[in-house]
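Data block below; observations after.
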2 protein chains.
Amino acid sequence: MARKNAFYAQSGGVSAVINASACGVLQTARRHSEEIGKVYAGRNGIIGALTEDLIDTSVESEAAIAALKHTPGAAFGSCRYKLTSIDEHRAQYERLMEVFHAHDIGFFFYNGGGDSQDTAQKVSQMSAGMAYPIVCVGIPKTVDNDLPVTDCSPGFGSVAKYLATSIREAAFDLASMSRTSTKVFALEVMGRHAGWMTAACGLAAEQEGGAPHALLPPEVAFNEGRFLAKVEEAVERYGHCVIAVSEGLKGPDGGFLSASGSRDAFGHAQLGGVAPVITNMISAKLRYKCHWAVADYLQRSARHIASATDVEQAYAVGRAAVEFAIAGRRAVMPAIRRLSDEPYRWDIIEAPLSEVANQEKLLPPDFISADGFGITEAARRYLAPLIVGEAYPPFKNGLPDYVKLQNVGAPKKLTREFAV
Amino acid sequence: MARKNAFYAQSGGVSAVINASACGVLQTARRHSEEIGKVYAGRNGIIGALTEDLIDTSVESEAAIAALKHTPGAAFGSCRYKLTSIDEHRAQYERLMEVFHAHDIGFFFYNGGGDSQDTAQKVSQMSAGMAYPIVCVGIPKTVDNDLPVTDCSPGFGSVAKYLATSIREAAFDLASMSRTSTKVFALEVMGRHAGWMTAACGLAAEQEGGAPHALLPPEVAFNEGRFLAKVEEAVERYGHCVIAVSEGLKGPDGGFLSASGSRDAFGHAQLGGVAPVITNMISAKLRYKCHWAVADYLQRSARHIASATDVEQAYAVGRAAVEFAIAGRRAVMPAIRRLSDEPYRWDIIEAPLSEVANQEKLLPPDFISADGFGITEAARRYLAPLIVGEAYPPFKNGLPDYVKLQNVGAPKKLTREFAV
C-alpha cells in the first residue's frame with residue numbers, strides 16, 4: 001500500500017476529552033509514518049474539508065500534541081453541519097473527494113456522534129462508488145452517551161463525573177442552609193433526548209435518601225402532581241430536596257417544558273431554562289425557597305474534573321481508529337466493549353458504521369426506578385466505573401494550563417472556491 | 001483563668017472552605033485543653049444556641065475533624081438569621097447568655113460575613129453589660145469577599161478559582177463551535193453588590209483579547225448600547241464573545257436586571273436569571289446564537305477545585321481565633337494582611353469587630369478598566385495569588401469523599417423552650 005495522507009475532523013458539540021482522541025490519532029499516525037504521511041485536520045470540522053481549509057498538524061511539536069490529552073474543546077474547531085443523503089448533497093460529497101484527492105488523502109477520520117458516523121459512512125460509500133479509495137473510520141464522541149453498539153461514548157464519563165461531583169457538593173451546601181433558607185435545589189443538565197447525564201447525577205447518592213432525591217430524565221413524561229408530591233416528601237423526610245433535571249424534559253403532551261423556543265442550525269429546538277420552570281412551580285405550589293443552576297457548557301468542558309477512565313477510552317478509540325485504517329478496515333468505528341463491571345474491564349472492538357449511524361440509545365427502562373425519579377442498581381453498576389479515576393490537567397498560576405495549537409493552514413491546491 | 005467551654009457557629013451562605021476554618025478551631029481547641037473544655041457547635045448556626053440545640057464536637061474522631069478541611073458546606077448547619085440591635089432583640093441576647101451560662105461557655109466563635117461579625121460584636125457588648133464574661137471572636141467567611149480590613153475573605157479564593165477555571169474551559173468549548181453555531185456564552189456569577197467574583201473571572205484571560213471579553217460587575221451600571229457594541233466587537237474580532245455577569249447587575253435606574261423578584265428571610269431580593277436576560281437581548285438585537293449558564297451553589301460548594309491558598313487561610317483564621325480567645329482578646333476577628341503580591345506573603349492580624357461589622361467592601365474603581373468591561377493590572381495583582389495551588393479532596397469511587405459528622409446533641413440543661 002502506498003503511503004497516503006490522512007484527514008481528521010471533529011464534529012458536533014465538543015467534550016472534555018475529544019482532544020484526547022485527537023491525541024490518540026496523531027500520536028499513532030506519527031508512529032506509522034510508513035503508511036500515513038501528513039495528518040491534515042479540518043478547520044472547524046468538515047467545513048474545513050469542503051472549503052479546503054486544512055490544518056497541517058505536522059508543524060505541531062510532540063509536546064503540543066501530548067497536551068491535547070488534557071485540553072477541552074475541539075483543538076481544530078468543530079461545527080454543526082450535517083451532510084445528509086448523497087442524492088441531496090452530491091456536490092458536497094464530490095467536493096470532499098476533490099479536496100482529498102488534491103491533497104493525496106487516503107484516510108478519513110471523523111470524530112463525532114451519530115450524525116458524524118452517518119457522514120463517515122456516506123463518504124465511504126461515495127468513495128467506493130467513485131472508485132477513489134478512501135478508508136473511512138469513525139471515532140465515537142458524545143457527552144450524550146447515545147451511540148449504539150459501543151458500551152459508552154467517550155466524553156460521557158467526564159460529564160458524568162462533573163455532574164455527580166457538582167450535585168454532591170451543592171447538596172452539602174443546601175443541607176447546611178435548609179433549616180432557615182433554601183429547601184430545594186435543581187441542577188439542569190444536558191441531554192435532549194437521552195437521560196444518561198441525568199441518570200449520572202444519581203451516582204452522587206451514597207445511600208437511600210441521599211441527594212439527589214429526584215431525577216427528571218427526558219425518557220419519563222413529566223407529571224406535575226407526582227413530582228410535587230416527591231419533592232414535598234423529600235423535604236419532609238430529609239429537610240431538603242435536590243433535583244437533577246434534563247434540558248429535554250417533556251410534558252405529557254410530548255412538548256418541552258423548557259422556556260426557550262429557538263432552534264439551532266439542524267432545526268433542533270434549542271433548550272435551556274427548564275430548571276427555573278420547575279423551581280417556580282415548586283415555589284408557587286409548595287412555598288419552598290428554591291435555588292437552581294444551569295451547567296450548560298461548563299459540564300461538557302470541565303476537563304479539570306475529567307474521568308481518568310474516560311480520558312483513557314477517548315485516547316484508545318483515537319489510536320484504534322488509526323490502527324483499523326492501516327489494517328484496511330473500512331466504514332468501521334472503534335467501539336468500547338465491556339468485559340466486566342467489577343473489576344471494570346473493557347477492550348476495543350470494531351463496529352460497522354452502518355450499525356452506529358443515526359441511532360439514539362436511550363436510557364433503558366430497567367435503569368429507571370419504579371417511581372420514575374431514580375436509578376436502579378443496574379444503572380448504578382453500568383455508570384459507576386465510567387467516572388473512576390482523576391486525570392487532573394497541569395495547572396499554572398492557579399488555572400488549568402491548556403494548549404492552543406498553531407493551526408497553520410496547508411497551502412491550497414485547488415483554484416475553485418466552495419461555499420458552505 | 002478557669003477552663004471554660006466554647007461555642008462555635010457557622011453563619012450565612014456557606015463556602016467550600018468554611019469547614020476548614022471549623023477544622024482550625026476544633027484542632028486548636030483540642031490542643032489547648034487546659035483553657036478550653038468542650039467545643040459545642042450550634043446546630044444550624046446561632047439558632048442552635050437560641051434553642052439550646054448544641055452539638056457536642058468532642059465525640060467526633062480526630063480523623064473526622066481532619067476531614068472537615070476538605071469538605072464543603074457547613075458541617076454543623078448554617079442559617080440566615082440575623083440578630084440586630086440589642087434593644088430590639090434583647091430577649092434573644094439574654095437567651096444566648098442563659099444558654100452559654102448553663103453550658104459553662106466562656107468563648108464564642110462566630111464564623112461568617114459582615115452580619116455575623118455584627119452579631120459577634122453585639123454578643124460581646126451584651127456579655128460585658130451583663131457582667132457575664134464571654135470572649136467573643138469573629139471568624140471571617142464570605143465568598144463575596146466584601147469584608148473590610150482583611151485583605152481577602154476565606155471562601156473567596158476558591159470561588160475565584162472555580163469561576164476562572166470554568167470560564168476558561170467554557171471559552172475553549174465556545175471557540176470550537178463558533179464558526180457555525182453559538183457565538184456568545186454568558187456565565188452568571190454570585191455577588192449581589194460586590195463584583196469580586198465577576199472580576200475573578202477576568203483571571204481566565206491570558207492575553208489581550210482572551211476570554212472573558214466582557215465582565216458585568218454590579219458596581220458598573222448596565223448600559224445596553226455600550227454592552228451590545230462590546231459584544232459585537234468581540235465577535236467580529238475573535239469570532240466569539242464570553243461574558244461573566246453578576247447576579248446583582250443593575251440598570252441605569254439602579255434596579256436589578258435579573259428576572260427573579262422574590263426575597264429571602266433578610267428581605268434581600270433573591271436574584272438569579274440575569275444571564276438569560278442579557279443573552280436574550282443579544283439574540284434579539286445582534287442575532288447571535290447564545291448559550292448561558294448559572295453556576296449558583298455549584299460555585300460556592302466546589303471544594304473539588306478549591307484554592308490551596310484559600311484552604312490554608314481559612315484554616316489559619318480558625319486557628320488564630322482560638323489563639324486570640326485564649327490570649328483574652330475580645331471582640332476581635334483574625335484578618336489576613338498581605339505583605340507582598342509576588343511572591344505572595346501574608347500573615348494574620350487582629351481586627352476590632354467594630355471595624356468589620358456591617359460594612360461592604362466593593363470593587364475599587366481602579367480595579368475596573370476604563371471601558372467598564374474588564375479588570376486592570378492592579379486587580380490582577382490583587383486577585384492572582386488568591387487562586388494559587390490545588391487542594392484536591394480525596395476521591396472514592398470516582399467522587400469526592402466528604403465527611404458527614406455525627407452531630408450528636410448535647411443534653412439540654414434548661415427547661416424553658418425558646419421559639420425562633
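Order of the sequence lines sets the chain letters (A, B, ...), proteins ahead of strands, with each chain counted from 1. Here the structure is a predicted model, which is why all the values come from computation and not from measurement.
Of the atoms belonging to B:Tyr344, not a single heavy atom falls under 4.5 Å from chain A. Heavy atoms closer than 4.5 Å to chain B are found nowhere in A:Thr309, neither backbone nor side chain. Contact annotation for A:Leu399: both backbone and side-chain heavy atoms come within less than 4.5 Å of a heavy atom of chain B. Heavy-atom distances place the side chain of A:Leu187, and not its backbone, under 4.5 Å from chain B. Proximity to chain A (any heavy atom under 4.5 Å) is shown, for B:Arg303, by both the backbone and the side chain. At a 4.5 Å heavy-atom cutoff, the contact between B:Ile47 and chain A is made by side-chain atoms alone. Within the 4.5 angstrom heavy-atom criterion, no atom of A:Ser307 approaches chain B. When heavy atoms are compared at a cutoff of 4.5 Å, A:Asn397 approaches chain B solely by way of its backbone atoms N, CA, C and O. No part of B:Ile18 comes within reach of chain A, as not one of its non-hydrogen atoms sits under 4.5 angstrom from that chain.
Not counting sequence neighbours, the partners of A:His304 by the ring pair (Phe, Tyr, Trp, His ring centres under 6.0 Å) test are B:His304. With sequence neighbours left out, A:Ala211 forms a side-chain contact (heavy atoms from CB on, under 4.5 Å) with A:Ala171, A:His213, A:Val242.
Ranked by non-hydrogen atom pairs under 4.5 Å with chain B, the options A:Ala74, A:Ala160, A:Gly157 are led by A:Ala74. In terms of non-hydrogen atom pairs under 4.5 Å with chain A, the most contact-rich of B:Gly73, B:Gly77, B:Pro72, B:Pro400 is B:Pro400. Ranked by heavy-atom pairs under 4.5 Å with chain B, the first of A:Thr71, A:Leu298, A:Val388 is A:Leu298. When each of A:Phe185, A:Tyr392, A:Phe76 is scored by its heavy-atom pairs under 4.5 Å with chain B, the top score falls to A:Tyr392.
With a 6.0 Å radius and a threshold of 12 heavy atoms from other residues, nucleotides or ligands, B:Arg43 has its CZ atom above the threshold.
One finds the CG atom of B:Asn44 at 7.0 Å from the OG atom of A:Ser178 (value rounded to the nearest 0.5 Å). Taken from OG in B:Ser176 to CG in A:Asn19, the straight-line distance is 7.0 Å, to the nearest 0.5 Å. Going from atom OG of A:Ser166 over to atom CD1 of B:Ile305 covers 11.0 Å, rounded to the nearest 0.5 Å. Between atom OH of residue B:Tyr81 and atom OG1 of residue A:Thr180 there is a gap of 10.0 Å, rounded to the nearest 0.5 Å.
At a threshold of 4.5 Å between non-hydrogen side-chain atoms, the residues B:Ser181 and A:Arg80 count as touching. Here the side chains of B:Phe172 and A:Ser301 are not in contact, with every heavy-atom distance at 4.5 Å or above. Here the side chains of A:Asp296 and B:Trp292 are not in contact, with every heavy-atom distance at 4.5 Å or above. The shortest side-chain heavy-atom distance between B:Ser78 and A:Met177 falls under the 4.5 Å cut-off.
In this structure, B:Lys161 contributes its side chain and A:Gly398 its backbone to a donor-acceptor pair below 3.5 Å.
For A:Glu169 and B:Tyr402, the side-chain atoms include at least one donor-acceptor pair closer than 3.5 Å.
A:His291 and B:Tyr297 have parallel rings, their planes meeting at less than 30° on a 0 to 90° scale where 60° marks the start of perpendicular.
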